[in-house]
Structures are given as structure tokens and as C-alpha cells.
*Asks:* 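A single structure is presented below for examination.
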Amino acid sequence: MTQPRDLQTVSIVGLGALGILFGGQLAQALGPEQVRVVAGAARAERYRQEGVEMDGATVPFTYLTPEDTPAPADLVLVCVKFHQLEAVRPLIASQLGPDTLIVSALNGISSESVLAEWFGPERLVYAVAQEMDARKEGRRLIYRDRGQLVIGAMTQDKAETERVERVAELFRRTHFPHTVVDDMPRRLWGKWMLNVGVNQTVALYRGTFATVQAEGEARDTFKAAMREVLALSAHAGTGLTKDDFRYWLRVMDGLDPAAKPSLAQDLEAGRPTELELFAGTVIRLGREYGVPTPVNERLYAGIRALEVQASVSSSGTSVSSNK
Ligand SMILES: NC(=O)C1=CN([C@@H]2O[C@H](COP(=O)(O)OP(=O)(O)OC[C@H]3O[C@@H](n4cnc5c(N)ncnc54)[C@H](OP(=O)(O)O)[C@@H]3O)[C@@H](O)[C@H]2O)C=CC1
Ligand SMILES: CC(C)(CO)C(=O)C(=O)O
């Protein structure tokens, strides 16, 4: 049997904060021809005209549409928001050859299962994006910390471990910041626990990371929302412990106090948020396992109300474009 070749070409789907952050680092190491950004015709044309900027320079990507894709990619890195996943399904499909792998940088515990259902579980390498504070403003990436992608196998399956190793080899070769872990289900749930706490609390309090880094009501809410995920984890068999809780608290305390998590960025910009991925999922799982989730219910209601306010105040203007 022939071994799949080393990963050489990467297609980025979703050129936002993480797409630029990750794609920019890969393009620097692999060269612009090897790192392609895939989009529909109108978006691709905008990117070709305007480009995107990281660290004060235009990132030299190759921009493709599904129609002008010359050959499949070795790896597709998915960097859209969860509610944009359905719209980019054909873009991802257009990059796939027999051995193409898919990594999802999305937050939450759902995107990989959706992608596995669409494209086959044998393509997936699970990942968690952590320790960055990135946002896209116009064509520019703004960040203080680059963070890293943590990858790992969800099962003991040898084929899955080999897939993880193929991606790890690419990351080592390109000096891409990453860690390979052997407890990926816990990592996925741990990062989700952090997002449930920090993304939602900062959004509700209309603050920054500083809002939850200081002792007080907001930090208490942040921790209480995370504790509900800890309780769910015992039922889901993902084994989050108090040590995980403390680890993710330290990760959050290390973020730029002046920056904001992605959900707060979306709310402020009047864009749809990933609320369903966070409180929406906590509440649903709470009902399933018989675990009370009052803090997430409060966060859900509060953020929904702010979303309605934001869409009313921006009515008449388009809040997001899927073209
Ligand atoms: N920002 C962060 O620091 C972190 C984010 N995450 C997670 O990573 C994921 C991505 O977040 P983030 O990078 O912040 O999101 P952004 O909103 O910055 O980026 C998403 C990008 O997807 C593009 N897009 C939307 N719809 C389409 C479409 N139909 N076709 C092609 N492109 C499309 C948009 O491009 P355009 O701008 O051209 O419209 C947009 O910029 C989320 O799940 C988030 O929770 C995880 C860790 C950290
Ligand atoms: C917590 C954080 C900032 C990751 O570093 C994040 O995941 C987000 O902004 O969605």
C-alpha cells in the first residue's frame, strides 16, 4: 500500500481572524503557492483586489474559487464561525482529493462531527485553537498573542493517530505553534468550558478580558458558567477535573486584558454570534443529563436580548454577507 505524501498544500476556508493568523504563518513557511484561500467568486475577487494584512504586511496568499482550483489540497483548515459552516460546505468539498485531511479551528464541541458526517470521519484531525486573542478589522489582523493549535486523536484508532502525525509533521516542518496531546476529548471539552465562561460573560458585561480577570461579579459569573460544563462533563464521560478548571483559568488570565473574545466581537459588530455553540449546547445537554444550568440560561437570555438590540440598531444595513 502506498503511503500518503507529506502535507504540502493547505487550503484555508474562512479568511477571518484565525484564517489570517494561521494561514499567514503557513504561507510564510511554505510559500504563497502552497497556501490557498478558497472563497466564492465575489469574495475571492475582493481578496485579490484588497488582500489581507498581518504584522503590517500583505499576506501573499493564492486566492481560488472552487471553479479555478487546479488540484486538491493536502489539508483543509476550516476557520469560519459555526453558523457559516453550511455555506462553506461546497468550498471545502472543492478542495478534497482521496487523501485530503480536514482540521477545524472552530470553537465548541460540534464542528468536527458535522464535518465528519459531510466528508467522512477518516479525513478529520481534531484541533483546539487556544491562547490567541485575534480579531479581523477591515483587511487587517489584530492580535497580541498568536497562541497555538492543539491537535490529538479522539480514539485509540491507529489510522487516526497516523492522521494526527501527518499534521504534526507539517506543523514541525513549518515551525507552526502547536502541541500534540493524548487526551483530545478532554482538551476539546476544556476549551469549550473556557469559551462558555469567557466568551459569554465578556459579551454580557460588554467588557474585555480584563472584566473577568479582576475579582468581582463578572469573574464569579464566568467561573459559575464553566462549573456547569464541569458538571456536564461527568455525565458525558469527558472527564474534566478541577485541575482542568484551574488550567483554563490560567490560560484566560494570560490573555491581553484589552482584547475581547470572538463572541463579544461579533455582538459589538452586530453580527450573528455562536451563542448556540456555547449556552445553547450547555442548556440542551443539561436537559438531557438532568443537570441544572441556571447560569447559562441567564447568559443565553441576556445575550439573545443584546443580539436583538444590536440587530435593531443596525437594521437597514446588512450584518453579514455569505457571498
Ligand atoms: N478570534 C479568535 O481569537 C479565536 C476564534 N476561535 C474560533 O474560531 C472560529 C473562527 O473565528 P474567527 O476567526 O474569530 O472568525 P471571523 O469572523 O474573524 O472569521 C470568519 C471569516 O469567515 C469568512 N466567511 C464567512 N462566510 C463565508 C463564506 N460563505 N465563504 C467564505 N468565507 C466566509 C469571513 O470572511 P470575510 O471577512 O471576507 O467576510 C470571516 O472573516 C470560530 O469558531 C471562533 O469561535 C477560536 C479561538 C480563538
Ligand atoms: C478564548 C479565546 C480568546 C481563545 O484564545 C477564544 O477562543 C475566542 O475568542 O473565541
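Index from 1, following the sequence. As the structure lists them, so they are numbered: ligands from 1, and atoms in each ligand from 1.
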*Asks:* Select the closest option to atom 28 (C) of ligand 1 among R43, K136, Q84, R146, judged by heavy-atom distance.
*Replies:* R43

*Asks:* My understanding is that we take every heavy atom of each candidate and find the minimum distance to atom 41 (O) of ligand 1. Doing that for A129, G16, S111, which one comes out nearest?
*Replies:*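 The option holding the nearest heavy atom is G16.
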
*Asks:* Does any N or O atom in K191 lie less than 3.5 angstrom from one in ligand 1, N or O only?
*Replies:*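 N/O-N/O distance below 3.5 Å does not exist for this pair.
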
*Asks:* Does any N or O of ligand 1 fall below 3.5 Å from an N or O anywhere on A134, backbone included?
*Replies:* yes

*Asks:* So, T62 versus R36: side-chain donor-acceptor pair below 3.5 Å or not?
*Replies:* no

*Asks:* Under 3.5 Å, N or O to N or O, is A129 touching ligand 2 that way?
*Replies:*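 The answer is no, given that A129 and ligand 2 share no N or O pair closer than 3.5 Å.
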
*Asks:* Quick one: do R172 and E169 make a salt bridge, cutoff under 4.0 Å?
*Replies:* no

*Asks:* Any chance the side chains of E307 and T273 put a donor and an acceptor closer than 3.5 Å?
*Replies:*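 Yes - a donor-acceptor pair under 3.5 Å links their side chains.
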
*Asks:* Show the atoms of ligand 2 that are less than 4.0 angstrom away from any heavy atom in F209.
*Replies:*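 Under 4.0 Å from F209, ligand 2 has these atoms: 3 (C).
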
*Asks:* Taking the non-hydrogen atoms of Y47, is any one of them nearer than 4.0 angstrom to ligand 1?
*Replies:*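 Y47 counts as a contact of ligand 1 under the 4.0 Å cut-off.
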
*Asks:* Please determine, by modelled atom types, if N195 and Q200 share a side-chain donor-acceptor pair under 3.5 angstrom.
*Replies:*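 Side-chain D/A pair, N195 to Q200: absent.
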
*Asks:* Quick one: does N195 get an N or O within less than 3.5 Å of an N or O on ligand 2?
*Replies:* yes

*Asks:* Considering only non-hydrogen protein atoms, determine which one is nearest to atom 7 (O) of ligand 2 and report residue, atom name and distance to 0.1 Å.
*Replies:*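 Scanning the protein heavy atoms, the shortest distance from atom 7 (O) of ligand 2 goes to K191 NZ, 2.8 Å.
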
*Asks:* Is there any N or O on L277 that sits under 3.5 Å from an N or O of ligand 1?
*Replies:* no

*Asks:* Within this structure, what is the CZ-CG distance for the pair R166 and L7, rounded to the nearest 0.5 Å?
*Replies:*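 R166 CZ to L7 CG: 4.5 Å, rounded to 0.5 Å.
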
*Asks:* Check ligand 1 against L91 and write out every atom of the ligand that is under 4.0 Å from a heavy-atom position of the residue.
*Replies:* 30 (N), 31 (C)

*Asks:* Is a side-chain donor-acceptor pair under 3.5 Å present for T281 with E276?
*Replies:* no

*Asks:* At under 4.0 Å between heavy atoms, which part of N107 makes contact with ligand 1: side chain, backbone, both or neither?
*Replies:* both

*Asks:* Geometry only, no angles: is N107 polar-contacting ligand 2 at N/O separations under 3.5 Å?
*Replies:* yes

*Asks:* How does R46 reach ligand 1, if at all, at less than 4.0 Å between non-hydrogen atoms: by side chain, backbone, both, or neither?
*Replies:*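 Looking at R46 and ligand 1, just side chain atoms fall under 4.0 Å.
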
*Asks:* Counting heavy atoms only, name the option from C79, A259, G14, G19 that's nearest to atom 20 (C) of ligand 1.
*Replies:*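 Looking at heavy atoms only, the winner is C79.
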
*Asks:* Taking only heavy atoms of L15 into account, list the atoms of ligand 1 that are under 4.0 Å away from them.
*Replies:* 41 (O)

*Asks:* In the protein, which heavy atom is nearest to atom 10 (O) of ligand 2, and how far is it?
*Replies:*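 For atom 10 (O) of ligand 2, the nearest protein heavy atom comes out as S262 OG, 2.5 Å.
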
*Asks:* Between Y63 and Y47, how do the two ring planes meet: parallel, tilted or perpendicular, split at 30° and 60°?
*Replies:* tilted

*Asks:* Could you tell me which atoms of ligand 1, counted from 1 in the order shown, lie closer than 4.0 angstrom to a heavy atom of E274?
*Replies:*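 In order of numbering, the contacting atoms are 42 (C), 43 (O), 44 (C), 45 (O).
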
*Asks:* Answer yes if the side chains of T201 and T221 hold a donor-acceptor pair under 3.5 Å, and no otherwise.
*Replies:*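 Judged by distance alone, the side chains do not pair up.
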
*Asks:* Which residue pairs pass the salt bridge (Lys or Arg N to Asp or Glu O under 4.0 Å) test with at least one member in residues 53-63, sequence neighbours excluded?
*Replies:*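 Counting only pairs at least two positions apart or across chains, the salt bridge (Lys or Arg N to Asp or Glu O under 4.0 Å) contacts touching residues 53-63 are E53-R139, E53-R140, D55-R146.
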
*Asks:* Tell me the contacting part of S262 for ligand 1: side chain, backbone, both, or neither, using a 4.0 Å heavy-atom threshold, strictly below.
*Replies:* side chain

*Asks:* Return yes if a side-chain donor-acceptor contact under 3.5 Å exists between R187 and Q130, otherwise no.
*Replies:* yes

*Asks:* Looking only at non-hydrogen atoms, which of Q265, Q148, R135, M132 approaches atom 5 (O) of ligand 2 most closely?
*Replies:*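 Nearest heavy atom to atom 5 (O) of ligand 2 lies in M132.
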
*Asks:* Between the side chains of R135 and E137, is the shortest nitrogen-to-carboxylate-oxygen separation below 4.0 Å, so that they form an ion pair?
*Replies:*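 Salt bridge flag = yes for R135 with E137.
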
*Asks:* Does a side-chain N-to-carboxylate-O contact under 4.0 Å join E228 and K223?
*Replies:* no

*Asks:* Before signing off on this row, confirm whether Q265 and ligand 1 have an N or O atom pair separated by under 3.5 Å.
*Replies:*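 The answer is no, given that Q265 and ligand 1 share no N or O pair closer than 3.5 Å.
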
*Asks:* What do we get for Q130 next to ligand 1 when only non-hydrogen atoms under 4.0 Å count, side chain, backbone, both or neither?
*Replies:* neither

*Asks:* Check the side chains of D74 and Q8 for a donor-acceptor pair under 3.5 angstrom, ignoring hydrogens and angles.
*Replies:* no

*Asks:* Hey, are E160 and T155 close enough side-chain-wise for a donor-acceptor pair under 3.5 Å?
*Replies:* yes

*Asks:* Given R135, R89, K81, identify the one with the heavy atom nearest to atom 15 (O) of ligand 1.
*Replies:*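 Among R135, R89, K81, the closest heavy atom to atom 15 (O) of ligand 1 belongs to K81.
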
*Asks:* Quick one: does A17 get an N or O within less than 3.5 Å of an N or O on ligand 1?
*Replies:*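 The answer is yes, given that A17 and ligand 1 share an N or O pair closer than 3.5 Å.
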
*Asks:* Give a yes-or-no answer on whether the side chains of Q95 and T100 include a donor-acceptor pair shorter than 3.5 Å.
*Replies:*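 No donor-acceptor contact under 3.5 Å links the two side chains.
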
*Asks:* Which bit of L263 is near ligand 2, meaning a heavy atom under 4.0 Å away: side chain, backbone, both or neither?
*Replies:* neither

*Asks:* Could you tell me, atom by atom, which parts of ligand 2 come under 4.0 Å of a heavy atom of P261?
*Replies:*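 With P261 as reference, the close atoms of ligand 2 come out as 9 (O).
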
